[in-house]
Amino acid sequence: MSKFPILEIFGPTIQGEGMVVGRKTMFIRTAGCDYQCSWCDSAFTWDGSAKEEIEMLTTEQIMDRLKEVGKDRFDHVTISGGNPALLQNLNQLIDALHACDLNVALETQGSRWQPWFLTIDDLTISPKPPSSKMQTDWEMLDKIIASLTEENRLSHLSLKVVVFDQEDLDYATYIHARYPEVSLFLQVGNDDLSEIDPEQLAHHLLSKYEWLIDQVMLSNTLNAVRVLPQVHALVWGNKRGV
Ligand SMILES: C[S@@+](CC[C@H](N)C(=O)[O-])C[C@H]1O[C@@H](n2cnc3c(N)ncnc32)[C@H](O)[C@@H]1O
Ligand SMILES: Nc1nc2[nH]cc(C(=O)O)c2c(=O)[nH]1
Ligand code: SF4
Ligand SMILES: [Mg+2]
């Protein structure tokens, strides 16, 4: 029985981002990432600052914890991180969730392929734009999108690009041209991770949202796209576990 490095199990809350935004869901957050994005809002999953909070849990223990925390008030579970795609045996957990009639969403950046991607109900791949200081592995991203397309998983898949500036928007435009069949979400980048007042942050992020909307409206190639803020950041600010 595999054990997985888990940092947080919380909810129910709303999915604040992307393809199933607003959906009532539980979150499981895994520890560890192969990237170090300059603006990562979950850096505690990989920078060592929360290492004493990491628990090595079996599928059974995770299922128990989910029920303990979420009671019977959920039917959807989102796995995020860190990068949960680092965990080869995560199919054990995904299968157990499905066996309990729970829908499963997963967030990853497209740097690794796992065969169990084919079983995720709502799979979000979030390739990283220049502002992150990460390099996209285009060969890997092509392979992931091709495999999911071949297996008829397009209705379960979305791409989500976080945008901080014009260069990031150009990157998102390129992503859309390279993978035109995949639903694309543009997400407002949160560049103020130290703000503790949710109202201040919401005010700031809404002005960035307006900028992003304006840019996308001016584009003649970003037509079949959706533009969203992180709804949880608007409501709860930079708080963890919401
Ligand atoms: C913390 S990541 C974990 C999953 C995976 N490592 C990834 O990046 O897709 C979850 C989502 O949050 C987004 N994100 C991280 N930091 C952000 C920020 N400062 N502003 C907006 N979105 C951010 C990521 O791009 C990703 O879509
Ligand atoms: N409410 C809420 N929605 C989210 N969507 C993606 C999240 C993440 O950190 O992956 C997240 C999160 O942390 N909270
Ligand atoms: S890939 Fe995701 S978890 Fe990893 S550093 Fe970037 S935003 Fe953070
Ligand atoms: Mg988050």
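Because only heavy atoms are used, hydrogens play no part in the values below, and waters and symmetry mates are left out as well, while side chains stay in. Atoms within each ligand, like the ligands themselves, are counted from 1 in listed order. The residues of the chain are indexed from 1 along the displayed sequence.
At the shortest separation from atom 19 (N) of ligand 1 among protein heavy atoms lies Trp39 O, 2.8 Å. Among all protein heavy atoms, the one lying closest to atom 15 (C) of ligand 1 is Asp41 OD1, 3.3 Å. Looking from atom 20 (N) of ligand 1 to the surrounding protein, the closest heavy atom is Asn190 N, 2.9 Å.
The CD1 atom of Ile54 sits 5.0 Å away from atom CG of Leu7, with the distance rounded to the nearest 0.5 Å. To the nearest 0.5 angstrom, Ser126 atom OG is 9.0 Å from Ile175 atom CD1.
Side-chain atoms of Gln15 come within 3.5 Å of backbone atoms of Glu17 as a donor-acceptor pair (strictly under, hydrogens ignored). Under the 3.5 Å distance criterion, the side-chain polar atoms of Lys71 are matched with a main-chain donor or acceptor of Glu68.
In summary, the atoms of ligand 1 found under 4.0 Å from a heavy atom of Ser42, numbered by their order in the structure, are 1 (C). Residue contact check: Val188 has heavy atoms under 4.0 Å from atoms 21 (C) of ligand 1. Near Gly81, meaning under 4.0 Å from one of its heavy atoms, ligand 1 places the atoms 1 (C), 3 (C). Atoms of ligand 1 lying under 4.0 Å from at least one heavy atom of Cys40, given by number and element, are 16 (N). Those atoms of ligand 1 with a heavy atom of Gln230 less than 4.0 angstrom away are 20 (N), 21 (C), 22 (N), 23 (C). Close approach of ligand 1 to Lys160 (heavy-atom distance below 4.0 Å) involves ligand atoms 27 (O). Set against the non-hydrogen atoms of Gly189, the atoms of ligand 1 under 4.0 Å away are 20 (N), 21 (C).
Counting non-hydrogen atoms of neighbouring residues, nucleotides and ligands closer than 6.0 angstrom, the CZ atom of Arg226 reaches no more than 12 such neighbours. Residue-environment remark: CD (Glu53) exceeds the threshold of 12 foreign heavy atoms within 6.0 Å. Leu218 CG: more than 12 foreign heavy atoms inside a 6.0 Å radius.
Between Gly82 and ligand 1, a contact under 3.5 Å exists for at least one N or O pair. Between Ser80 and ligand 1, no pair of N/O atoms sits closer than 3.5 Å. At least one N/O-N/O distance between Ser126 and ligand 1 falls below 3.5 Å. Considering backbone and side-chain N/O atoms, Asn83 never comes within less than 3.5 Å of an N/O atom of ligand 1. For a threshold of 3.5 Å applied to N or O pairs, the pair formed by Gln187 and ligand 1 contains at least one separation below that value.
Within 4.0 Å of ligand 3, heavy atoms belong to protein residues Cys33, Tyr35, Gln36, Cys37, Cys40, Trp46, Gly82, Gln109, Lys128.
Ion pairing between a basic and an acidic side chain is recognised when a charged N comes within 4.0 Å of a carboxylate O; Asp122 and Arg23 show no such pairing. The pair Arg65-Glu60 does not count as a salt bridge, with every side-chain nitrogen at least 4.0 angstrom from each carboxylate oxygen.
The shortest non-hydrogen separation linking Ile120 to Arg153 is O-NH2, 2.9 Å. The heavy-atom pair separating Val161 from Ala172 by the smallest distance is CG1-CB, 3.9 Å. Heavy-atom minimum distance, Leu102 versus Met63: CD1-CE, 4.4 Å. In terms of heavy-atom proximity, Lys67 sits nearest to Cys100 at NZ-SG, 4.0 Å.
With no hydrogens or angles considered, a side-chain donor-acceptor pair links Thr78 and Thr25 at under 3.5 Å. Between the side chains of Ser147 and Trp113, no donor N or O sits under 3.5 Å from an acceptor N or O.
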Can you pull every nitrogen or oxygen pair between ligand 2 and the protein closer than 3.5 angstrom?
| residue | atom | partner | partner atom | Å |
| --- | --- | --- | --- | --- |
| ligand 2 | 1 (N) | Ile14 | O | 2.8 |
| ligand 2 | 1 (N) | Val242 | O | 3.3 |
| ligand 2 | 3 (N) | Gln15 | OE1 | 3.4 |
| ligand 2 | 3 (N) | Gly16 | N | 3.0 |
| ligand 2 | 5 (N) | Gln15 | OE1 | 2.5 |
| ligand 2 | 9 (O) | Arg29 | NH1 | 3.0 |
| ligand 2 | 9 (O) | Arg29 | NH2 | 3.0 |
| ligand 2 | 10 (O) | Ser80 | OG | 2.6 |
| ligand 2 | 13 (O) | Arg29 | NH2 | 2.9 |
| ligand 2 | 14 (N) | Val242 | O | 2.7 |

Item checked: Chi angles and distances behind the side-chain contact (heavy atoms from CB on, under 4.5 Å) call for Gln166, Tyr171 -> CA-CA 9 Å; Gln166 185 60 49; Tyr171 175 91; over 6 Å; no
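When ring centroids are compared, Phe164 and Trp211 stay outside the 6.0 Å threshold.
Compare Lys128, Lys208, Glu17 by their heavy atoms: the one nearest to atom 8 (O) of ligand 1 is in Lys128.
At a heavy-atom cutoff of 4.0 Å, ligand 1 is contacted by the backbone of Thr108 but not by its side chain.
Arg29 forms no cation-pi arrangement with Phe10, by the criterion of a distance under 6.0 Å to the ring centre and an angle within 45° of the ring axis.
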